[in-house]
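See below for the structure under consideration.
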Amino acid sequence: MEAKDLIARRAALELADGEIVNLGFGMPTEVANHVPAGVNVVLQSENGCLMFGPTPVLGKQDADIGNAGGQPITLLPGASIFDLATSFCIIRGGHVDTTILGALEVDQEGSIANWAMPVAPGKYSPGMGGAMDLVTGAHKVVAVLQHNDKKGGSKVLKKCSLPVTGKGVLKTIITEKAVFDVTPQGLVLKEIAEGLTPETLRDVTDADFTVDPGLCRYRLPN
Amino acid sequence: MEAKDLIARRAALELADGEIVNLGFGMPTEVANHVPAGVNVVLQSENGCLMFGPTPVLGKQDADIGNAGGQPITLLPGASIFDLATSFCIIRGGHVDTTILGALEVDQEGSIANWAMPVAPGKYSPGMGGAMDLVTGAHKVVAVLQHNDKKGGSKVLKKCSLPVTGKGVLKTIITEKAVFDVTPQGLVLKEIAEGLTPETLRDVTDADFTVDPGLCRYRLPN
Amino acid sequence: MNKVRQLDDVIEDLKDGATIMLGGFLSVGTPLKCIEKIVKKGVKDLTLISVVNTYPGKYDLYETGGFDLAPLFANNQVRKMITAHTGTCAEAVQAMKEGKLEIEFFPMGSWIEKIRAGGAGLGGVLTPTGIGTLMEEGKKVLEINGKRYLLELPLRAEFAFINGYRADPLGNIEYRGIGLNTNPTIAMAADYTVAEVNEIVGVGDIDPLRVGTPSVFVKAVVQGYTLAERQDVFRDMWVKTGRIKVPAAAE
Amino acid sequence: MNKVRQLDDVIEDLKDGATIMLGGFLSVGTPLKCIEKIVKKGVKDLTLISVVNTYPGKYDLYETGGFDLAPLFANNQVRKMITAHTGTCAEAVQAMKEGKLEIEFFPMGSWIEKIRAGGAGLGGVLTPTGIGTLMEEGKKVLEINGKRYLLELPLRAEFAFINGYRADPLGNIEYRGIGLNTNPTIAMAADYTVAEVNEIVGVGDIDPLRVGTPSVFVKAVVQGYTLAERQDVFRDMWVKTGRIKVPAAAE
């Protein structure tokens, strides 16, 4: 299984029945496809709706019904539509239970960097969109990312090198190699992928971490 | 004609065609009945509508259609309904052209007092409702009040004695005896009631005022 | 998730000393059944957050006597009120005089922004309203580009009681007419928001764009007066308090 | 008062160096006809306030080429953009690199609150969002009850271009679906708000409670694509940019 697919599947286990959930773009969007049976979550699209459903089939799309990625979506029974200001009252006001966000880097203090890649000195792209509000307002912030960059460098760092989206905001970090809880004492390794040991994981991880006494194998939904 | 009736009629001349207007309770409410033909104003009720009409006849009332005084009202074609937060975006945001407010006292600095009568030391009633926002946001604030209290004391003062609703916010003061413009140089007498001269008016007025070169007789709509 | 509850059960959770917000404006858009139950339960020492006080006219709706907010004051259930106006309630003004009731006033536009800030997770808003008045007392004043503003802090409650037209079991609320007023803002700013509605409908029966308060803000949905019942109450109330003239022929 | 105007006349008033706000979110709820005219007029040195940048996909709608906001950047019409996200627009990122375009970022929730404050006459809002990040730079930080907040100042524009479903000649605007998004907030915060709509209807044809933007905020109403035309544009665009799969049998 591909790393991205593993991560999206594992992240789906972070969602509990009845939760209000906001999924970022990319890998997080895929999480919705792997939510275990019996777990019903309410998905928010920050451009202004709750309880959206899958992409419509041709002919069922509507020019005025799209998500925060510009994609056509459908609305489920019980959906609601509201303006952007209200949408961020929901987010900043603490009414989102869980958000899952892609990350460029995370660190052992629970910080996440996912908005600013330098394009020129002091100039950044792509921008934070709703992510800074989500890490501020959501009760549980989960970062998903590949453990290492293409050159093998760790993206789970002692300290983020890119401008952060939020400082000390993460609850959980999920890569294809490991799942960490972020605690006041630092990262705690909770799950580890097949074929790795805490020791071999340290070789590919910049961040310090401790190992949970109940360390288990990387879990996936049935 | 009674003083209150005179004042309401004179105040109607302050409204121009196409204006967004908010009328306070009491005398100001009566102003709507005297707007000259050809002058169409849009009335706002601060509890959440624009373009309301007269009190309904029995059987045409609706439990969910009332004004900021708890009265049943009707809505005219082109009316809109919005929540209270939006209503005060309209007011504070400078989208109201003219407001006419009843006053307990006004003064020569253009201040108005209309929210706080002492009921016990340091305790006041009835409260400002939307008046403090109206005097802050409306482009033109008109105060209407009887010139003197029951004992003959002037209510047009050098300085308000009651807690003010707004400091230096008035554009025009209308009593049954006179109409004053409020200018950076103080009050300017623009109109005076039949039977009075600037000199006899000074006898019943605490505030200082100058007399406009174009002083005219108290005007009333046809 | 079915949020429909019995009103009695909800009010059971309301304790002496609670801070509550009430939606509505002089009875229009006011959760009348909720208030009736709060009056009957007799819970005391409430901090009551309502944009204005009671409807200005005597009317006997509740079996306890009175209408709208008045019985809460007649029964001395309120220790403190946070509002923009209280002059319509003789009972409240009397309690103020006797020192039994504290009133904290805010300009109406500031009052609603404080509550919005409470619901929106904002730390406060700067408003020009109240500058140069008693409202400055005890508040931070900031000068920005030469203009002075008051810092108004957020306001939240343990319970919010709102009134709507229709609700689904998920807690989506549709409003009707000017009954909208303070309800959608208040709905956001409490730990436990209770929506009293004229009608409870099925999931999917409310057009998503007609949802004035999304389900996420609502914890309980309770059945209030039906729309027909509410129309009857208001017709009778407005006639008896002289707000609508009965044609001579009909008297 | 009849606010219906010809779009060409409205755009005539737009000058080089203007500050404009655009409603919409990646083309949903975006005033496409207004943008097309702004592109054709070629007005320069704009300060553009939009919550995000252009739709992420190449599509040729305007005769000038391109879709949504992209042509404004391809034509170098924008000197500065105030937004939460610009990564969807390669032309904008290139202009940034070349120093031709300044981008000022705000978190999306702060961006919309700044505009709301601009329309609402507020002096600013305090938000916890952005604390501990680059967003703190150059901003006032206030500590309230031990928690730190950024002061975000109001934002206004000379022109706002919004998109709605229906309008009456008074300027009441009804929205449709998630096309709502930033439009009602932007509508409040400009000196001159232009509403592009699918359909212009008579006074009284819009249910008062369906009015999303009251007439008081709108200066001009212009005819945009009809709803049927807009549906055709989006169907074609979403299919050609791969957002909707065409069933094998239909290919």
Side-chain angles (χ1 to χ4, degrees), chain A residues 25 45-49 52 55-73 75 81-93 111 113 115-117 119-120 122-137 163-169, chain D residues 25-29 51-53 55-57 83-88 92-93 96-99 103 105-110 112-113 115-116 127-135 165 175-185 212 227 230-231 233-235 238-239 243-247 250:
Chain A
F25 286 94
S45 186
E46 65 258 38
N47 59 330
C49 72
F52 67 88
T55 307
V57 298
L58 185 67
K60 295 292 184 189
Q61 79 286 349
D62 186 309
D64 290 315
I65 306 290
N67 68 11
Q71 307 259 14
I73 53 173
L75 296 177
I81 292 173
F82 33 80
D83 72 348
L84 196 82
T86 304
S87 193
F88 281 84
C89 289
I90 293 175
I91 292 171
R92 206 193 309 94
S111 297
W115 74 276
M117 286 183 288
V119 296
K123 294 180 183 178
Y124 300 97
S125 184
M128 68 292 290
M132 278 195 186
D133 296 286
L134 281 163
V135 301
T136 302
V164 299
T165 306
K167 205 172 159 180
V169 294
Chain D
F25 198 115
L26 298 179
S27 79
V28 173
V51 65
V52 290
N53 206 311
Y55 175 79
T83 188
H85 199 269
T86 195
T88 55
V93 175
M96 271 176 91
K97 282 184 190 168
E98 294 172 11
I103 303 257
F105 285 116
F106 291 99
M108 200 174 284
S110 303
I112 195 77
E113 285 297 320
I115 293 170
R116 183 176 183 278
T127 178
T129 302
I131 285 288
T133 77
L134 279 185
M135 291 298 107
Y165 168 40
Y175 296 101
R176 186 170 177 280
I178 305 171
L180 182 67
N181 57 62
T182 65
N183 287 295
T185 308
L227 182 57
R230 196 168 172 106
Q231 293 287 14
V233 166
F234 276 72
R235 178 194 161 109
W238 274 329
V239 167
R243 261 60 177 198
I244 296 184
K245 287 204 182 80
V246 179

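As a basis for the values below, the full set of heavy atoms in this structure was taken, side chains included, without hydrogen atoms, waters or symmetry mates. All chains are named by letter (A, B, ...) in the order of the sequence lines, taking the proteins before the strands, and each is independently numbered beginning at 1.
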- Note on the structure: The interface call for A:Leu134 against chain D, heavy-atom contacts under 4.5 Å, is neither
- Message: Given heavy-atom pairs under 4.5 angstrom as the criterion, report whether the side chain, backbone, both or neither of D:Ile112 touches chain A.
- Response: side chain
- Do you know which of A:Cys49, A:Gly66, A:Ala131, A:Gly48 has the most heavy-atom pairs with chain D at a distance under 4.5 angstrom? A:Gly66
- Query: Under a 4.5 Å heavy-atom cut-off, does chain A meet the side chain of D:Pro56, its backbone, both or neither?
  - Reply: side chain
- Query: Between A:Ala68 and chain D, which part of the residue has a heavy atom less than 4.5 Å away: side chain, backbone, both or neither?
  - Reply: both
- Taking every heavy-atom pair that is under 4.5 Å apart, which of A:Ser45, A:Ala120, A:Ser125 has the most such pairs with chain D? A:Ser125
- Message: Shorter than 4.5 Å, heavy atoms on both sides: which option in D:Ser27, D:Ala84, D:Gly57 has the most such pairs with chain A?
- Response: D:Ala84
- Best-contacting candidate, A:Met117, A:Gln71, A:Lys123, against chain D by heavy atom pairs under 4.5 angstrom: A:Gln71
- Task: Under the side chain to side chain contact (heavy atoms under 4.5 Å, CB included) rule, what do A:Met128 and D:Phe105 come out as? Steps first, then yes or no, please.
- Result: CA-CA 8 Å; A:Met128 68 292 290; D:Phe105 285 116; 3.7 Å; yes
- Query: When heavy-atom pairs shorter than 4.5 Å are enumerated against chain A, which of D:Gly212, D:Gly87, D:Gly132, D:Pro107 gives the highest number?
  - Reply: D:Pro107
- Query: With no hydrogens and no angle check, is any side-chain donor or acceptor of A:Asp133 less than 3.5 Å from a backbone partner on D:Gly109?
  - Reply: yes
- Query: So, for A:Gly69 and D:Leu26, which heavy atoms are closest and what is the spacing to 0.1 Å?
  - Reply: C-CD1, 3.4 Å
- Apply side chain to side chain contact (heavy atoms under 4.5 Å, CB included) to A:Met132 and D:Thr133, showing your working. CA-CA 9 Å; A:Met132 278 195 186; D:Thr133 77; 3.7 Å; yes
- Message: One pair to check against side chain to side chain contact (heavy atoms under 4.5 Å, CB included): A:Phe88 and D:Met108. What are the steps and the verdict?
- Response: CA-CA 8 Å; A:Phe88 281 84; D:Met108 200 174 284; 3.5 Å; yes
- Item | Identified side chain to side chain contact (heavy atoms under 4.5 Å, CB included) counterpart of A:Leu84 within the set D:Ile115, D:Asn183, D:Thr182, D:Thr185 | D:Thr182
- Item | Region of D:Phe106 in contact with chain A, defined by heavy-atom distances below 4.5 Å | backbone
- Task: With a 4.5 Å cut-off on heavy-atom pairs, point out which of A:Asp83, A:Thr55, A:Asp62, A:Ile91 contacts chain D the most.
- Result: A:Asp62
- Message: Can you tell me which of D:Asn53, D:Thr86, D:Val52, D:Val93 forms the most heavy-atom pairs within a distance under 4.5 Å of chain A?
- Response: D:Thr86
- Should D:Arg230 and A:Asp64 be marked as a side chain to side chain contact (heavy atoms under 4.5 Å, CB included) after you check the CA-CA gap, both sets of side-chain angles, and the distance that decides it? CA-CA 9 Å; D:Arg230 196 168 172 106; A:Asp64 290 315; 4.1 Å; yes
- Identify which part of D:Val51 has an atom lying under 4.5 Å from any heavy atom of chain A, answering side chain, backbone, both or neither. side chain
- Task: Would you confirm whether D:Gln231, through its side chain, and A:Ala63, through its main-chain N or O, come within 3.5 Å as a donor-acceptor pair?
- Result: yes
- Given a strict heavy-atom distance threshold of 4.5 Å, which part of A:Val57 is in contact with chain D: side chain, backbone, both, or neither? backbone
- Choice from D:Glu113, D:Arg235, D:Met135, D:Glu98 maximising heavy atom contacts with chain A below 4.5 Å: D:Arg235
- Query: Who passes side-chain contact (heavy atoms from CB on, under 4.5 Å) against A:Pro163, sequence neighbours left out?
  - Reply: A:Trp115, A:Ala116, A:Tyr124, D:Leu134
- Item | Toward chain D, the part of A:Ile65 with a non-hydrogen atom under 4.5 Å | both
- Item | Under 4.5 Å from a heavy atom of chain A, the part of D:Leu227 involved | side chain
- Message: Among A:Gln61, A:Glu46, A:Lys167, which residue has the highest count of heavy-atom pairs closer than 4.5 Å to chain D?
- Response: A:Gln61
- Checking heavy atoms, do the side chain of A:Thr165, its backbone, both or neither come under 4.5 Å from chain D? backbone
- Determine whether D:Thr127 and A:Arg92 make a side-chain contact, defined as any pair of heavy atoms from C-beta on separated by less than 4.5 Å. yes
